[in-house]
Amino acid sequence: MVLADLGRKINGALKSLTAESVIDEKVLDDILREVCAALLESDVNVRLVQNLRKNIKQIVDFEELGGVVNKRRQIQKAIFDELCRLVDPGVEPYKPKKGKANVIMFVGLQGAGKTTTCTKLAHHYQRKGWKVCLIAADTYRAGAFDQLKQNATKAKIPYYGSYTENDPAVLAKEGIEKFKKEGFEIIIVDTSGRHKQEAALFEEMKQIADAANPDHYIFVMDGTIGQAADGQARAFKDAVPIGSIIMTKLDGHAKGGGAISAVAATGSPIIFIGTGEHIHDLDPFKAKPFVSKMLGMGDLGGLMETVKDMNIDKNSNIMKTLESGVFTIRAMRDQLAMISSMGPLSKVMSMMPGIPPEMAAMGEKEGGARMKKMTCMMDSMTDAELDSDAKCFTLQPTRIYRVAKGSGATVREIEEMLMQFQKFAEVIKTMGGSKGLLANMQKAQNPAARGGRGGPSGGANPMAGMQSMMEKMLPPGAMQQMGGMSGIQNMMQQMMGGGGAGGAGGEGMGGMLQQMMGGMGGAGGGMGDMLQQMMGGMGGAGGPAAGGRPSVGRGTGARGRRR
Ligand SMILES: Nc1nc2c(ncn2[C@@H]2O[C@H](COP(=O)(O)OP(=O)(O)OP(=O)(O)O)[C@@H](O)[C@H]2O)c(=O)[nH]1
């Protein structure tokens, strides 16, 4: 992940803070030296780094701070908040208006990802019920129209372009008039890439802007760009009134600090980030979760949203299986299906505190493939075997050979899977069996109905399960470095702006997370346990299949001049 290196270094600096028994100006200066060095090494603009340091020194006032723990938290929070300020200029992001034509013009450097991101954004709004369309006004790069046409057709999004019209301003104007007449709400204009040294292309961009008169300009910034970002972003900002930024290729392995500098240079908010080449790889951007994930602290809000969106309804198999009170192989299969429905495993893992970005990315390959393989084995079982507690395989081992043959797995793999099932069943037992798991899931779905002080499994402290899960997930010694469970909970509350803090042993953020994690895979170890078991790895590749069926667009055709 881009910025992973920066996150690791800053996290290291923060952790060294927790080893300090006395925290004074010198300790703060040492920490800030490490943080600023990490930012500069990641290509963040030196001016921004100096400002960040000055702000933190002003915020942390040793006179008013209390004991060591409080000073530690204040410094952690000050650094966290200043990192958020780097990527969030505090400007209200753009929101299209329903019931009218919203013309959005994309600008940016060559190869930044404009054409790809135009389609991603159109698809994003299409999924939300907007009437969207695309205009291919990149008449400079050969193949740009074909690329947009192919993307739009696959996503079933109407498009307008031409092989004969060479003037992008004329093309943009024609397309906008056409789509406005047809009542489209989101009209996205893709333009060709340009570089601040290409004055003619900047002039052309202004002509397109005059012809298109867009409601909003989006600057597409390649997240892997280095120090040059600052100057380029300023040049675009001087030429057109950039409203917001989409930062692309954050799934890459570059420093990424340059892109952060560009945000500051334009003073425009980042509204989305591109995290891959597929149409779904576009994530809404929010500063706090972004920085929190970069620092390996996860994105609790995003994880909770994902769980709530899963809407495990009463009639689903899972509920019925669990109401029976026996944790069966079918229940485990349904749990795996539920986790898969949350989205790519790497995204789910990157939202979990304590899982470093590189491990989350590895999770996609290892964990994703493993889940598919386990599900395939269970799909080769009879209903009686699925609805059992797996003892039938011990009584009749020939069943294992049959399932192995039916699923293309080895006997050893089937035996491993059955051992894992036994481990999950053990974890479920620690929370009162299936009924306890059911209670977890219902509470994770409806935190408001959490009721009394007790946690998901009756009177037990909800933080207990969370603590054991975090200890399993975090590197040895990390817990005390982060101030233990209360330190983690307070840091999460601060990061998420409060978030329903309970008392010392109460619900609060940590309790919610514990319920949620327990609900997905058993309390004690929770999802962390499940993921770690899967990461144990049967190996095997696996990845998302390309999707989408072609359909007719609205292109007009005939060959013309191209670069
Ligand atoms: N990994 C990754 N690749 C991306 C992302 N966004 C775009 N790309 C790839 O970046 C390359 C350039 O994307 P385009 O959409 O063609 O870029 P462009 O800005 O339209 O290019 P020009 O028209 O030449 O200016 C393509 O291979 C895209 O698949 C992303 O978020 N992640």
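These numbers come from the heavy atoms of this one structure, side chains and all, not from hydrogens, waters or symmetry mates. Quick caveat, the model's predicted, so the values are computed rather than measured. First listed ligand is number 1; within each ligand, the first listed atom is number 1.
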Identify whether the distance between the nearest side-chain nitrogen and carboxylate oxygen of D138 and K114 falls below 4.0 Å. no
Evaluate T191 for polar contact with ligand 1, using N/O atom pairs at a separation under 3.5 Å. no
In terms of atom number and element, which parts of ligand 1 are under 4.0 angstrom from non-hydrogen atoms of Q110? 25 (O)
Residue portion contacting ligand 1 (non-hydrogen atoms closer than 4.0 Å) for R141: side chain
Tell me, please: is A112 in heavy-atom contact with ligand 1, that is, under 4.0 Å? yes
Counting each atom of ligand 1 from 1 as listed, which ones have a heavy atom of T275 under 4.0 Å away? 31 (O)
At under 4.0 Å between heavy atoms, which part of K120 makes contact with ligand 1: side chain, backbone, both or neither? side chain
If you count the atoms of ligand 1 from 1 in the order shown, which ones are under 4.0 Å from a heavy atom of L109? 19 (O), 25 (O)
Sub-4.0 Å atoms of ligand 1 with respect to non-hydrogen atoms of G193: 25 (O)
Determine whether any heavy atom of G111 lies closer than 4.0 Å to an atom of ligand 1. yes
Using a strict cut-off of less than 4.0 Å between a Lys/Arg side-chain nitrogen and an Asp/Glu carboxylate oxygen, indicate whether E182 and K178 qualify as a salt bridge. yes
Could you label the plane-to-plane angle of the F285 and F290 rings as parallel, tilted or perpendicular, counting under 30° as parallel and over 60° as perpendicular? tilted
Between D230 and R234, does any side-chain N to carboxylate O distance fall below 4.0 Å? yes
Would you check if P96 and H216 make a side-chain contact, meaning some heavy-atom pair closer than 4.5 Å? no
Salt bridge check, E177 against K180: does any charged N sit closer than 4.0 Å to a carboxylate O? no
Is the shortest side-chain N to carboxylate O distance from K288 to D88 below 4.0 Å? no
Does atom NZ of K286 have more than 12 heavy-atom neighbours from other groups under 6.0 Å away? no
Ligand 1 to G274, heavy atom cutoff 4.0 Å, flagged ligand atoms 31 (O)
Parallel, tilted or perpendicular: ring planes of H280 versus H123, cut at 30 and 60 degrees: perpendicular
Could you say whether the N/O atoms of L250 and ligand 1 ever approach to under 3.5 Å? no
Which of these, K249, M247, Q147, has its nearest heavy atom closest to atom 11 (C) of ligand 1? K249
Report yes if E277 has an N/O atom closer than 3.5 Å to an N/O atom of ligand 1; otherwise report no. yes
Does a salt bridge link E185 with K98, judged by any charged N lying under 4.0 Å from a carboxylate O? yes
Where ligand 1 meets D138 - atom numbers and elements under 4.0 angstrom, heavy-atom basis: 23 (O)
Check ligand 1 against D251 and write out every atom of the ligand that is under 4.0 Å from a heavy-atom position of the residue. 1 (N), 2 (C), 30 (C), 31 (O), 32 (N)
Just jot down the ligand 1 atoms closer than 4.0 angstrom to any heavy atom of K114, in number order. 15 (O), 17 (O), 18 (P), 19 (O), 20 (O), 22 (P), 25 (O)
